[in-house]
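Here the structure is laid out as structure tokens; the discussion comes afterwards.
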Amino acid sequence: MNGIRRFISLRRNQPIFAKGRLVRLSAVDPAILVHGFEDAGSLLLLVHNLAGRRIKTEINFGGMQPGKFRDLIGEVEYAGAIQPRLELEPYAYHWFISEGNGS
């Protein structure tokens with residue numbers, strides 16, 4: 001139950017969920033669902049591995065060029081890249097926030 005409370009708290013503390021524009025992005029591997037919200041130069045990215053296998057993939061941001069990402073769940077920072085490489089365990093997910101998205 002603590003995990004659910006934590007996600008509710010994370011969602012409430014990120015106004016971008018309510019006021020951001022919904023975006024759907026893609027990854028190289030079709031088993032990865034990538035979507036999120038964009039608002040005033042910030043990008044909230046939700047990445048889900050829908051497969052029962054570990055996946056290494058890249059995210060395609062189209063014309064967006066996000067800056068440094070911070071993992072909202074693990075509090076880890078990632079350097080920005082046009083196509084960041086991610087490795088996700090089976091059925092894993094990450095919530096990333098990036099400020100300073102230069103579209």
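To the nearest 0.5 Å, atom CD of residue Gln14 and atom CH2 of residue Trp95 are 9.0 Å apart. Phe37 CZ to Ile97 CD1: the interatomic distance, rounded to the nearest 0.5 Å, is 11.0 Å. A distance of 8.0 Å separates CZ in Arg24 from NE2 in His35, rounded to the nearest 0.5 Å.
Residues Leu50 and Ile32 do not share a hydrophobic cluster, defined by chaining ILVMFWY side chains whose heavy atoms lie under 4.5 Å apart.
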Fill in: Step-by-step side chain to side chain contact (heavy atoms under 4.5 Å, CB included) determination, Phe96 to Leu86
CA-CA 12 Å; Phe96 298 106; Leu86 294 175; 3.9 Å; yes
Item to complete: Apply the test side chain to side chain contact (heavy atoms under 4.5 Å, CB included) to residues Ile16 and Leu43: give CA-CA distance (whole Å), side-chain angles for both, the deciding distance (0.1 Å), then the verdict.
Response: CA-CA 8 Å; Ile16 194 169; Leu43 177 65; 5.8 Å; no
Discussion item. Test side chain to side chain contact (heavy atoms under 4.5 Å, CB included) on Asp39 and Phe17; report intermediate values, then the result.
Written reply: CA-CA 9 Å; Asp39 182 56; Phe17 274 107; over 6 Å; no
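Of the listed residues (Leu33, Val47, Leu45), just one forms a side chain to side chain contact (heavy atoms under 4.5 Å, CB included) with Leu25, and that residue is Leu45.
Of the possible polar contacts, one joining the Thr57 side chain to the Val28 backbone as a donor-acceptor pair under 3.5 Å is found. Of the possible polar contacts, one joining the Asn49 side chain to the Glu89 backbone as a donor-acceptor pair under 3.5 Å is found.
When side chains are defined from C-beta on, Ile55 counts as touching Arg53, because their heavy atoms get closer than 4.5 Å.
In terms of heavy-atom proximity, Val34 sits nearest to Ala27 at CG2-CB, 4.0 Å. For Pro90 against Gly52, the heavy-atom pair with the smallest separation is CB-C, 3.6 Å.
For His48 and His94, the ring centers are positioned 6.0 Å apart or more.
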